[in-house]
Amino acid sequence: MHYVAIAAQPLDVQALYEKLKAPEFGGIVTFVGTVRQWTDEIETQSLEYTAYTEMALKEMTKLAVAIEAKGANVVIVHRVGQLELTDEAVFVGVAAAHRGEAFKWCEYLIDTVKKQVPIWKKEFDTDKIRWGGLNDV
Amino acid sequence: MHYVAIAAQPLDVQALYEKLKAPEFGGIVTFVGTVRQWTDEIETQSLEYTAYTEMALKEMTKLAVAIEAKGANVVIVHRVGQLELTDEAVFVGVAAAHRGEAFKWCEYLIDTVKKQVPIWKKEFDTDKIRWGGLNDV
Amino acid sequence: MMFNVKLFAILAEQIGHSEVQLTLTAPITAAAVKTALRAQYPQTASVLADCLVAINQTFVSEEQFAPSEVTEIALIPPVSGG
Amino acid sequence: MMFNVKLFAILAEQIGHSEVQLTLTAPITAAAVKTALRAQYPQTASVLADCLVAINQTFVSEEQFAPSEVTEIALIPPVSGG
């Protein structure tokens, strides 16, 4: 059974992982995106994520339901609020019968979350503030 | 810095995940293999893993070091002993700067662990006992 | 007819509000929403070019809506979650 | 010359020991290890066909070793971790 959430509090990776476990699914792949310090020459100090929460949840639910229909458990949780270096921004987990599917579906889900779920990153870098998704204007 | 182990006790997924985190690596992919109940028509009740421990650690270390040289943190831990349904048999984690690499390297590592690390599965199924890796004789 | 339009991220920052009222005439389209915002807040023009429109929490491109079908309008700047 | 050879998994079970002593003559090769075990324990023949040999904890196939180079020999049935 899928679990999707927009979380204002730090992600509990262990608890989210536990939601994926099931006797019929032997392969569990998780992706966690954390706040990275360096992007080429740019040094990030912190991030702020905001979301169009109701629509984000709808989009995440659509994605999760479509993958679960193939035979899987899916968890997708995204943080909002102020994040520091190494804080967890997003958790995507897939439990499936076989590992090849779990890898493929987990990567598809995070790729798709990044493309079409209405969540925005405001990056506080050492040189200036940047909005994710926009060309560096 | 890599961490590899053969563990006689249940895997602490949270603690292993924490070892991967680093400010320079924003993408963390983990694979956990758990004991699955059904394989086609065969129902598994429990498993016993044994290892040629010293050599297994050497092989796991070689694999981890080779991936870390590309820019990553790697954790590989395999259980030995008696495992019940949904117990964790293996944890493979890769933290890298970007998620594409983390997915690719994590899948490569578990594929390779399954092929060349001297660990054996004895499967206690409802109909009989099977050794993994052998044709069902 | 007046509609509340939700704004997010850089768009909300440029205007200083997370919601604005825009006058739209039937049929409601994504292009009409963007045109109306641009007219009222010219400083959003360059970001607006890359924005999507969600009506009733679903991305829309060329669809036309009767005003009575529209319960929620939002302008979605390029997303950057993950 | 006598060598201790480590056995694992189904091979250990078939023989009832996790280590056996085998007589090997120089040079030591993977094939010679398998041949010696098969001669002493014919019941292992079918599993042995799929086994690898590790010398000093490294898989070997066609290499030849002087007895003095060999500190540990193991027979590795098809692995099945993960």
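Residue numbering restarts at 1 for every chain, and letters A, B, ... go by the order of the sequence lines. Predicted model, so just to flag it, every value in this text is computed and none were measured.
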Under a 4.5 Å heavy-atom cut-off, does chain D meet the side chain of [X], its backbone, both or neither?
{"X": "A56(B)", "result": "neither"}
{"X": "K114(B)", "result": "both"}
{"X": "K121(B)", "result": "both"}
{"X": "E59(B)", "result": "side chain"}
{"X": "Y52(B)", "result": "both"}

Item to complete: Looking only at non-hydrogen atoms, find the nearest pair between L85(B) and Q37(B) and report the distance.
Response: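 Scanning both residues, the minimum pair turns out to be CD2-CA, 3.7 Å.
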Worksheet entry | Test item: E68(B) side-chain N/O and V74(B) main-chain N/O as donor-acceptor pair under 3.5 Å |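 Checked: pair present.
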Worksheet item: Any donor and acceptor pair, going by atom type alone, linking the side chain of H78(B) with main-chain N or O of F91(B) inside 3.5 Å?
Response: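 No: the side chain of H78(B) does not pair with the backbone of F91(B).
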Practice prompt. Inspect the contact between E101(B) and K104(B) and indicate whether a charged nitrogen and a carboxylate oxygen are less than 4.0 angstrom apart.
Written response: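 No salt bridge links K104(B) with E101(B).
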Practice prompt. Between chain B and each of E72(D), E13(D), Q57(D), count heavy-atom pairs under 4.5 Å; write down the option with the most.
Written response: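 That would be Q57(D).
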Worksheet item: Among V117(B), L57(B), T50(B), whose side chain to side chain contact (heavy atoms under 4.5 Å, CB included) with I6(B) holds?
Response: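 For I6(B), the side chain to side chain contact (heavy atoms under 4.5 Å, CB included) check succeeds only for L57(B).
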